[in-house]
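Computed from heavy atoms alone, side chains included, the values below leave out hydrogens, waters and symmetry copies. Positions are given from 1, in the same order as the sequence printed here. Predicted model only: the values in this text are computed from it and were never measured.
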Amino acid sequence: MSTTTGQNGRLCNQVIRNLSLSLLAEKYDLYVEYSNFKKINDILGIKLHCGNKKFSTTKDVKVDQYMIYLNTDVDVQYNLNFMNHYYQTEDITTLLHNHLIIHKEDIINKNPFKSRYNNNNDLFLHIRVDDAKKWNIGFDYYSRCIDQLEYENIYIGSDNFNDDIIIKLKSKHPNIYLLKVSDVETIQFGSTCKHVILSHGSFSAVIGYLAFYSNVYYPNIKPRWCPFGLFLNKGWNPFI
C-alpha cells in the first residue's frame with residue numbers, strides 16, 4: 001500500500017507529506033496508511049484521502065516528479081512511497097496552501113477556538129528554539145514585528161519557554177501569555193489570532209497555512225536549515 005508511516009520528521013513535516021500524498025491518492029484512487037492520521041485528519045480537520053487500490057510493488061516519488069504525477073495522467077500501477085522526501089518546495093506548498101483555504105470550513109469546524117477566527121485583535125508568535133536554536137532569526141525580528149503592530153494581547157507558542165529570546169520579550173512586553181498547550185492546540189489557537197508572526201520551519205508554516213483570517217508575517221531571509229519555499233507566494237508579509 002502507499003504509506004507515510006515511516007519515521008522522517010515531526011508533526012508538520014507529516015502534515016505536508018500526508019496532504020501531498022492525499023491529493024495523489026484522490027486522483028489515482030490509492031489506498032494509503034498515513035502517519036499521525038488521527039491528529040491530522042480527525043483533530044486538525046485536514047482531510048486525508050484513502051482510496052481502494054493496493055499494488056505489489058512500490059515506487060519512490062521524488063520532489064521534482066510530484067507535479068508530473070499531479071498534473072498529468074501517469075499510469076500508476078504501483079504504491080507510492082513518500083517517506084524519502086519532504087515536498088516543501090514553493091510550488092508544492094503553495095498548492096497545499098490553496099487547497100487548505102478551499103477546504104477551510106472542515107478545519108475551522110474542528111478547531112476548539114473557532115469562535116476566535118476573525119474575532120480578536122491578538123498577536124501570536126511562534127518561536128522555535130529548541131532543536132533549531134542556532135538558526136533562530138533572533139530577538140530583534142520578533143520585537144520589531146511586535147512594535148509595528150496594534151494588538152490587545154500577545155501569545156507565544158514555543159518548544160522552550162525558558163529561552164532567552166522569550167525572557168527578553170516578556171521583560172519588554174508584560175502583556176505576553178505563554179501558550180503551554182499541545183502541538184495541535186498551539187496550531188489551532190495560534191492560527192485564530194489576528195496577527196501571526198512566524199519563525200522558519202514547517203511547524204510555523206502550517207500555522208500560517210491555517211491562519212485563514214490573519215495578517216501573517218515571516219522572516220524574509222533564506223533559512224539555513226529548511227526550505228524557504230514553505231513561506232513564499234502565500235500572500236504573507238515578509239519582514240526582517
Side-chain angles (χ1 to χ4, degrees), residues 1-107 109-110 128 131-132 182-184 187 200-210 222-234:
M1 69 192 74
S2 299
T3 181
T4 62
T5 56
Q7 297 298 315
N8 192 3
R10 298 189 293 188
L11 176 61
C12 289
N13 285 319
Q14 295 165 7
V15 168
I16 293 169
R17 182 186 291 116
N18 286 3
L19 189 54
S20 298
L21 177 53
S22 177
L23 299 186
L24 297 189
E26 184 172 8
K27 178 174 181 177
Y28 295 107
D29 190 29
L30 300 175
Y31 181 87
V32 182
E33 284 195 356
Y34 293 101
S35 59
N36 250 330
F37 180 86
K38 181 175 178 61
K39 271 190 178 182
I40 296 168
N41 185 89
D42 298 349
I43 302 177
L44 278 173
I46 299 173
K47 299 301 182 183
L48 301 174
H49 185 83
C50 184
N52 300 289
K53 294 180 180 178
K54 302 179 185 179
F55 301 97
S56 58
T57 59
T58 300
K59 287 189 178 181
D60 186 53
V61 177
K62 297 179 180 178
V63 172
D64 60 3
Q65 297 173 319
Y66 181 81
M67 287 300 186
I68 297 173
Y69 276 89
L70 189 68
N71 295 327
T72 63
D73 291 323
V74 178
D75 184 20
V76 176
Q77 300 296 321
Y78 42 83
N79 305 312
L80 301 183
N81 175 26
F82 263 58
M83 285 312 304
N84 294 325
H85 308 282
Y86 290 97
Y87 308 97
Q88 296 179 5
T89 59
E90 179 180 346
D91 56 349
I92 295 174
T93 56
T94 299
L95 172 78
L96 301 182
H97 180 226
N98 291 335
H99 174 86
L100 292 168
I101 292 172
I102 292 169
H103 297 278
K104 66 184 178 183
E105 293 307 320
D106 293 330
I107 297 161
N109 287 336
K110 290 287 188 179
R128 181 167 177 176
D131 64 331
S182 70
D183 51 0
V184 169
I187 295 168
H200 288 138
S202 60
F203 194 90
S204 261
V206 168
I207 294 172
Y209 298 164
L210 305 189
K222 187 175 180 180
R224 290 180 290 164
W225 64 284
C226 74
F228 202 19
L230 285 164
F231 304 90
L232 301 178
N233 195 26
K234 309 299 187 290

Asks: Which pairs would a plain distance check flag for residues 41-50, meaning a side-chain donor or acceptor within less than 3.5 Å of a matching protein atom at least two apart in sequence or in another chain?
Replies:
from	atom 1	to	atom 2	distance (Å)
N41	OD1	L48	N	2.9

Asks: Evaluate the criterion side-chain hydrogen bond (donor to acceptor under 3.5 Å, both in side chains) for residue pair S202 and N13; output intermediate values, then yes/no.
Replies: CA-CA 6 Å; S202 60; N13 285 319; 3.2 Å; yes

Asks: Does Y66 form a side-chain contact (heavy atoms from CB on, under 4.5 Å) with L23? I'd like the steps, not just the answer.
Replies: CA-CA 10 Å; Y66 181 81; L23 299 186; 3.7 Å; yes

Asks: Tell me every residue that passes salt bridge (Lys or Arg N to Asp or Glu O under 4.0 Å) with K53, counting only those two or more places apart in sequence or in another chain.
Replies: none

Asks: Specify whether Y87 and H85 have parallel, tilted or perpendicular ring planes, treating 30° as the upper limit for parallel and 60° as the lower limit for perpendicular.
Replies: perpendicular

Asks: Between the side chains of T4 and N18, is a donor N or O closer than 3.5 angstrom to an acceptor N or O?
Replies: yes

Asks: Check the side chains of N233 and H97 for a donor-acceptor pair under 3.5 angstrom, ignoring hydrogens and angles.
Replies: no

Asks: Check the pair L70 / L95 against side-chain contact (heavy atoms from CB on, under 4.5 Å), numbers first and verdict last.
Replies: CA-CA 11 Å; L70 189 68; L95 172 78; 3.1 Å; yes

Asks: Tell me, with the steps shown, if Y209 and L230 meet side-chain contact (heavy atoms from CB on, under 4.5 Å).
Replies: CA-CA 10 Å; Y209 298 164; L230 285 164; 3.7 Å; yes

Asks: Taking the six-membered ring of F228, is NZ or CZ of K222 closer than 6.0 Å to its centre and within 45° of its axis?
Replies: no

Asks: Test of understanding: with salt bridge (Lys or Arg N to Asp or Glu O under 4.0 Å), list the residues that count as partners of K39, not counting sequence neighbours.
Replies: D183

Asks: Look only at the side chain of Q88 and the backbone of G229, and say whether a donor-acceptor pair between them is shorter than 3.5 Å.
Replies: no

